[in-house]
Amino acid sequence: MAIAAPDRTRYLLDEDRIPRAWYNIAADLPSPPPPPLHPGTGQPIGPGDLAPLFPMELIKQVVSTDREIEIPDPVREAYKLYRPSPLHRARRLEAILDTPAHIYYKYEGGSPSGSHKPNTALAQAFYNKAEGVSRLATETGAGQWGSALAFAGAYFDLDIKVFMVRASYDQKPYRRILMETYGASVVASPSLDTKYGASVLADNPDHTGSLGVAISEAIEDTVTHPGTKYSLGSVFDFVLLHQTVIGQESIEQMGMAGEEPDVIIGCAGGGSNFAGMTFPWLGQTFRGGRSYKVIAAEPEAAPSLTRGVYAYDFGDTAKMTPLVKMHTLGSDFIPEPIHAGGLRYHGMAPLVSHLKQLGAIEAKSVHQLAAFQTGVQFARAEGILPAPEPTHALKVAIDEALEAKASGQPKVILFNMCGHGHFDLSAYEKFLAGTLEDYEYPDAAVEKALAGLPKVGV
Ligand SMILES: Cc1ncc(COP(=O)(O)O)c(C=O)c1O
């Protein structure tokens with residue numbers, strides 16, 4: 001296709017182009033994903049099972065098969081603080097790579113808290129507030145999600161309690177300070193604030209934490225504090241739904257550029273940024289449009305999609321969540337403390353896992369050092385310092401661009417640069433000093449964790 005604006009670097013949409021609805025992929029899936037199960041009965045869970053944790057409007061979104069779910073006005077109003085986000089053509093990076101590929105990236109790092117996470121944080125805070133909730137408990141890995149919810153709590157006037165994975169708490173004190181500045185209360189997980197956290201610390205006082213442990217603590221906090229609900233930054237269907245504003249905007253912006261992507265890439269921790277970018281494109285395919293090569297990029301240290309099994313498993317370590325069918329490394333798997341804290345998760349969103357099973361998407365795993373190397377290359381070429389998580393998508397995008405160079409076949413690559421790395425400078429410092437390490441996939445540890453998979457729904 002001819003390029004509509006051959007010299008443009010950024011494709012910008014006006015405020016009134018913020019999508020009016022989230023895109024619900026459930027309407028277009030070739031087959032529905034297996035249902036979440038109650039761990040006690042082995043039966044599909046119903047809305048009543050989720051009511052202690054979430055407000056009813058969010059539960060309705062999980063069961064809805066409507067293609068469009070209207071974004072409430074107060075949420076759209078809040079989105080105006082940073083949406084629509086820009087789409088960039090990475091011209092300098094293309095020149096440095098000397099590739100015939102065209103590389104586009106959507107940049108979500110310009111949100112108030114620095115990543116894509118406010119897209120769902122604002123929605124969740126709004127619905128909770130509307131149903132009379134006064135306090136939310138949550139977990140955070142990298143601190144990006146906690147910052148987003150802390151921001152949303154300040155915006156919609158809710159108290160926020162954050163259980164922050166110990167490894168990130170220690171590596172990223174400034175993330176904690178940002179959350180506290182927004183008014184949230186933050187504790188390192190495992191913590192002594194919950195019975196479960198205390199039991200983990202009793203076994204191992206030096207535990208570096210994991211998202212699985214922090215989720216268990218946040219759920220325990222929720223069910224033991226009246227007026228509190230649970231909020232989460234990834235994995236669950238409604239979180240993925242709220243992120244689809246990214247992909248919808250990117251469809252319009254690629255139209256402004258007069259191009260269509262051949263390859264679409266997102267990093268995947270729990271799957272929300274990946275889903276947000278790719279689901280609206282995949283929906284077009286499912287409705288009879290052209291197909292795209294869609295790639296989820298994950299860390300070699302927690303490779304759930306590339307090396308996990310597709311099975312019913314718990315979302316947390318204390319086994320308090322419903323059982324969901326997903327690619328998992330086992331809920332007891334504690335990933336090494338890589339700096340992409342947001343990608344340290346044993347499982348994957350059930351919807352993303354289902355798409356992998358259907359063959360609609362592929363997955364690639366990336367080592368930490370290779371990811372950081374491309375992060376530095378990107379910063380020097382494009383000026384933006386990426387968060388460690390999207391450097392995984394960046395690495396896969398660069399590999400695709402180099403493949404185009406080797407084959408002499410031009411292609412259009414689109415990926416989501418879903419956060420900035422301004423709070424990750426200690427990791428960049430280690431990389432530049434040559435002291436950052438790769439972590440091998442610990443086969444034995446994962447095999448042990450997989451052996452503990454629940455025997456439900458098999
Ligand atoms: C910048 C960034 N990207 C990606 C992720 C991974 O989460 P998800 O797969 O839900 O997008 C996180 C999680 O904290 C994050 O902070």
Side-chain angles (χ1 to χ4, degrees), residues 13 15-24 53-62 68-86 106-140 142-162 175 178-179 181-184 218 228-249 270 272-273 275-277 279-280 342 387 416 418-420:
L13 294 170
E15 224 166 71
D16 67 358
R17 301 308 303 156
I18 294 172
R20 295 193 177 272
W22 293 298
Y23 166 65
N24 182 11
L53 297 181
F54 303 118
M56 206 32 84
E57 278 306 309
L58 289 176
I59 296 171
K60 280 194 210 153
Q61 292 178 359
V62 176
E68 295 196 338
I69 295 181
E70 193 181 325
I71 302 175
D73 281 343
V75 176
R76 265 190 105 242
E77 204 53 40
Y79 280 171
K80 286 183 186 168
L81 289 172
Y82 64 100
R83 302 215 72 81
S85 69
K106 185 89 167 136
Y107 184 49
E108 291 290 308
S111 79
S113 61
S115 78
H116 61 298
K117 298 285 180 180
N119 296 332
T120 183
L122 288 165
Q124 292 186 47
F126 166 77
Y127 288 119
N128 275 287
K129 183 76 185 179
E131 293 186 29
V133 174
S134 58
R135 179 177 176 271
L136 294 174
T138 196
E139 69 285 340
T140 194
Q144 288 271 24
W145 164 244
S147 313
L149 194 67
F151 153 61
Y155 189 95
F156 284 111
D157 191 23
L158 287 159
D159 292 334
I160 306 291
K161 167 81 183 232
V162 182
R175 273 273 163 214
L178 179 63
M179 290 184 256
T181 305
Y182 282 131
T228 297
K229 295 268 185 205
Y230 171 59
S231 180
L232 79 175
S234 192
V235 182
F236 226 63
D237 296 10
F238 63 69
V239 181
L240 277 56
L241 172 85
H242 300 152
Q243 293 296 350
T244 58
V245 287
I246 302 171
Q248 292 185 67
E249 288 175 7
S272 77
N273 131 75
M277 171 54 109
F279 281 11
N416 198 19
C418 55
H420 69 64

Margin query: Return the CZ to CD distance between F236 and Q61, rounded to the nearest 0.5 Å.
Written below: 11.5 Å
Notebook entry, point to check: Should we count CD of E131 as having more than 12 external heavy atoms under 6.0 Å?
Noted result: yes
Checklist line | Any donor-acceptor pair under 3.5 Å from R76 side chain to P19 backbone | finding: yes
Note to self: Ignoring hydrogens, what is the shortest heavy-atom contact between P280 and A275? Give both atom names and the distance.
What the structure shows: CD-O, 4.0 Å
Next item on the list: Measure the OH-CD distance between Y23 and E68 for me, rounded to the nearest 0.5 Å.
Entry: 10.0 Å
Check: side-chain contact (heavy atoms from CB on, under 4.5 Å) between I18 and K80: does it pass, once the steps are laid out?
Finding: CA-CA 8 Å; I18 294 172; K80 286 183 186 168; 3.7 Å; yes
Note to self: Is there a side-chain contact between E139 and Y230 in this structure, where contact means two heavy atoms from C-beta onward sitting under 4.5 Å apart?
What the structure shows: yes
Margin query: Restricting to non-hydrogen atoms, name the atom on R83 and the atom on I246 that form the minimum distance, rounded to 0.1 Å.
Written below: NH2-CA, 4.0 Å
Notebook entry, point to check: To the nearest 0.5 Å, what is the distance between OG1 (T228) and CZ (R135)?
Noted result: 4.0 Å
Next item on the list: Using distance alone, with no hydrogens and no angle criterion, decide if N119 and Y82 have a side-chain donor and acceptor under 3.5 Å apart.
Entry: yes
Note to self: Any non-hydrogen side-chain atom of Y107 less than 4.5 Å from a side-chain atom of H420?
What the structure shows: yes
Margin query: Does either side chain, that of T138 or that of K161, offer a donor lying less than 3.5 Å from an acceptor on the other one?
Written below: no
Note to self: Do E77 and Y155 pair up side chain to side chain, a donor and an acceptor below 3.5 Å, judged on atom types alone?
What the structure shows: no
Check: Is it true that F238 and F54 have ring centroids separated by less than 6.0 Å?
Finding: yes
Item checked: Side chain to side chain, S111 and H116, heavy atoms closer than 4.5 Å -> no
Note to self: Nearest 0.5 Å, please: how far is CZ in F279 from CG in N24?
What the structure shows: 10.0 Å
Item checked: R175 versus S147, closest heavy-atom pair with distance -> NH1-OG, 2.8 Å
Next item on the list: Indicate whether the side chain of Y79 and that of E15 have a donor and an acceptor atom separated by less than 3.5 Å.
Entry: no
Margin query: Using only atom types and a distance under 3.5 Å, with no angle test, would you say the side chain of T120 pairs donor to acceptor with the backbone of K117?
Written below: no
Notebook entry, point to check: Minimum heavy-atom separation for F151 to P118, with atom names?
Noted result: CE2-CB, 4.0 Å
Margin query: Restricting to non-hydrogen atoms, name the atom on A148 and the atom on A121 that form the minimum distance, rounded to 0.1 Å.
Written below: O-CB, 3.5 Å
Margin query: Check whether Q248 reaches the backbone of A21 with its side chain - one donor and one acceptor, N or O, closer than 3.5 Å.
Written below: yes
Check: Regarding E108 and S115, is there a side-chain donor-to-acceptor distance under 3.5 Å anywhere?
Finding: no
Check: Any donor-acceptor pair under 3.5 Å linking the side chain of S272 with the backbone of S234?
Finding: no
Next item on the list: Measure across N273 and C418 and return the closest heavy-atom pair with its distance rounded to 0.1 Å.
Entry: OD1-CB, 3.4 Å
Item checked: Side chains of F126 and L158 in contact at under 4.5 Å (non-hydrogen atoms) -> no
Item checked: pair L149-T140: side-chain heavy atoms closer than 4.5 Å -> no
Note to self: For R17, is there an ion pair with E249 - N to carboxylate O distance below 4.0 angstrom?
What the structure shows: no
Next item on the list: Answer whether the closest heavy-atom distance between the side chains of L136 and N128 falls below 4.5 Å.
Entry: yes
Check: What distance separates K229 NZ from S134 OG, expressed to the nearest 0.5 Å?
Finding: 11.0 Å
Next item on the list: Indicate whether any N or O donor in one side chain lies under 3.5 Å from an N or O acceptor in the other, for Q124 and H242.
Entry: no
Checklist line | L58 CG to D237 CG distance, which is reported to the nearest 0.5 Å | finding: 11.5 Å
